[in-house]
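Per chain, numbering begins at 1; letters A, B, ... match sequence-line order. The analysis underlying the following values was restricted to heavy atoms, covering all of them including side chains, and did not include hydrogens, waters or symmetry mates.
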Amino acid sequence: MKLLEFEAKEIFSKNGIPIPDGVVIRSPDELRRLLDGFTDEVVVKSQVDVGGRGKAGGIIITRKADAVEAATHLFSFPIKGLIPKAILVEEKLPIEHEYYVSITIDRTTRQPMILFAETGGVDIEETARTRPDALRRAGFSPLLSDVPGFLMRQILGDAPKELGPVINNLYKAFCASDALLAEINPLVTTSRGVFAADAKLIVDDNALARQGITANRDLTPREREAEENGFSYVELDGSIGVIGNGAGLTMSTLDLIAHYNGKAANFLDVGGGAGRERVMKAVRLVAGMPDVKVIVVNLLGGITRCDEVARGIIDAGIDQLVITRLAGTNEEEGRALLAKNGYQMLDTMEDVVKEAVKEAAA
Amino acid sequence: MIYGDHTTGVIVQGATGNQGAFHINLMNQYARETGGRGVVAGVTPGKGGQTVHGVPVYNSVREAMAEHDATTSVLFVPGFAAGDSIMEGASAGLELVVAITEGIPVHDTMRSLAFARMEGCTVIGPNCPGTLSPGELKLGIMPPHLAMPGNVGIISRSGTLTYEVINELTRAGIGQSTVVGIGGDPVIGQTFTEVLERFESDPQTKAVVLIGEVGGNLEEEGARSTNLPLVSYIAGISAPPEKRMGHAGAIIEGGEGDAVSKIARLSRLGIPVAGKPSDIPELVRELL
């Protein structure tokens, strides 16, 4: 789950990373009372979870006297469709130079990987493409609690040594918050020292509970409902609903729909050993999407009992057509149950997909 | 038989949980059918002295290994504790830990894999169905009735999709040497590259099917590392960016790891890529 800038900065600050003086407000009025602490110029930043926020007009640098007006504007200014619930108002830093630093997990080496660039604040992917030398990388053992000094020197090159402790503290924040990504862009030097001018932190969904996060905000309401039922679920924009077991088989079912020129409405993996109740919930959830015309159920496996699945489909009692492929235990019983209730059960995933594409186009 | 054979003694970590107990029974059923030793001991801290389907349970891997000749464990410990259990197994001297558990925080996985490597222990998974050498050894949860012995290896990031492919191959009369589910997490113990290394020194394996998906570039890395004849299939052509497609590792990030470019890179390496699972047997036949 992505944290908002002010949440990430709180965590960075707790781990010893200097952040600009600032306040988080939930309404423009709140700011009036808090402005006294600021000097002449402030930065007003919309707290929406969207990349390219600055370019979209979500960050306003203004005189203190105009800050409330700027905040009022941002509270009703949508960025990629999102309206902020909070706004961060910070002192304007006397920036001397901007750097980029991030820590991610490298899948190939299975280690934390630091990326550092002597130019920050701009599109880092662009920098990586046009000036690959400007981006320095270093991976190291996850069993270490600090970034080794020799690697730090290699990363920093001629950059100021005072960046080192900030990067080391970023590694501590990365570990402490179970992060998949911890990023400071820009990391700035000023006459008063080094600061994280922006902050980005993505927390591992598998660690939300132990991080004290109860609800994953990245999900749509229907995705949240799916999560509560233990389904993996992603919304797409086609007309063919998809329910499968196992991420790979479900993805493959989606691909086969595309292969036969259909459009899938969703991805839903019910998980292993799905019983009557779970299948019913899954079918109803997918049927509840406004554009779904037909639903493909593709289940395969040893633990999953086909008769249970068939009962779940029948229990759901939805209006849309459901076409099923079931392979495994009690297959014949499942087939008989479905047939008796007017549902189709076909033999292979290609058969169900072809039939669904035909029906969706009709 | 790249991770053991019918003589392999197996420990189950997390033996007394629902999943552990259920699969001890299935693994031992298969061991009886194939003349293997199967699961010889279980481990659940605090539950030592119990038995699960006739298998004795111990409080630690070390205790279990003192009483039984075992080299390998299959792990059904819940996510929050699984990283610790991998380290326990490695520290006790196991050669191989197959971690079935899904939902392990990735920092735990990363640390426990680094620790296991230091102890000289190989880890498969996590979030994987395990391995199956038809007729010899089942480590994990794959349904063996779909498989048949033969000379094609399978490496996959996914569970049920693998069963689909095993089923297609068997129906086409093509048997399998060893099927390895390496898992759907972003950080995994055995990657395509490492499994392929083992297949290269396995006299039984003549060709390998790589079943990949969106996210990362482990498939290409594996394909570049080997001289074995390969066929590939990549799931997720229709996956949107930044969305996690069921597996924590199946996510297209920062414009990297999408299926189309992955397929293009594999094709450039001269590897036939199947458009759909049912095309795999024909492509494999051309290699044999």
request  = Mind listing the closest non-hydrogen atom pair of A/M349 and B/P277 along with its distance?
outcome  = CE-CG, 4.3 Å
remark   = On a heavy-atom basis, the closest approach of A/A207 and B/P105 is CB-CB, 4.0 Å
Most heavy-atom pairs under 4.5 angstrom with chain B, which of [options]?
options                : value
A/R107, A/H259, A/K263 : A/R107
A/G271, A/G246, A/S252 : A/S252
A/L143, A/L236, A/T108 : A/L143
A/A264, A/P142, A/S232 : A/P142
A/T348, A/D269, A/V234 : A/V234

If I measure from the heavy atoms of chain A, does [X] come under 4.5 Å with its side chain, its backbone, both, or neither?
X      : answer
B/R244 : both
B/E194 : side chain
B/P186 : both
B/E221 : side chain
B/E253 : side chain
B/M118 : side chain

Side chain to side chain, A/M251 and B/V214, heavy atoms closer than 4.5 Å = yes
Quick check on [X]: does its [atom1] atom have over 12 non-hydrogen neighbours (other residues, nucleotides or ligands) under 6.0 Å away?
X      : atom1 : result
B/E102 : CD    : no
A/R210 : CZ    : yes
B/E119 : CD    : yes

key: Criterion side chain to side chain contact (heavy atoms under 4.5 Å, CB included) against B/H107, the qualifying member of A/L180, A/D204, A/N206, A/I105   = A/I105
Just so I understand: if I count every heavy-atom pair under 4.5 Å between each of [options] and chain A, which residue has the most?
options                        : value
B/I234, B/I141, B/D108         : B/D108
B/M245, B/R117, B/E213, B/M142 : B/M245
B/N217, B/L113, B/I188         : B/I188

Identify which part of [X] has an atom lying under 4.5 Å from any heavy atom of chain B, answering side chain, backbone, both or neither.
X      : answer
A/L256 : side chain
A/F174 : both
A/E223 : side chain

Carboxylate-amine/guanidinium contact A/R110 B/D185, below 4.0 Å = no
query = If only atom types and distance count, is the side chain of B/T160 paired as donor or acceptor with the main-chain N or O of A/L300 below 3.5 Å?
reply = no
task = For A/D255 and B/S238, test the side chains for any donor-to-acceptor distance below 3.5 angstrom and give the result as yes or no.
result = yes
task = Apply the test salt bridge (Lys or Arg N to Asp or Glu O under 4.0 Å) to residues A/K2 and B/E242: give CA-CA distance (whole Å), side-chain angles for both, the deciding distance (0.1 Å), then the verdict.
result = CA-CA 11 Å; A/K2 286 193 207 86; B/E242 308 295 335; 5.4 Å; no
key: Distance, nearest 0.5 Å, that separates CD1 of B/I237 from CD1 of A/I257   = 13.5 Å
task = Please test B/K243 against A/Y233 for side-chain contact (heavy atoms from CB on, under 4.5 Å), starting from the C-alpha separation and ending with a verdict.
result = CA-CA 10 Å; B/K243 286 284 185 182; A/Y233 176 77; over 6 Å; no
message = Would B/M110 and A/Q111 count as a side-chain contact (heavy atoms from CB on, under 4.5 Å) here? Give the steps.
response = CA-CA 7 Å; B/M110 199 164 59; A/Q111 291 182 337; 5.5 Å; no
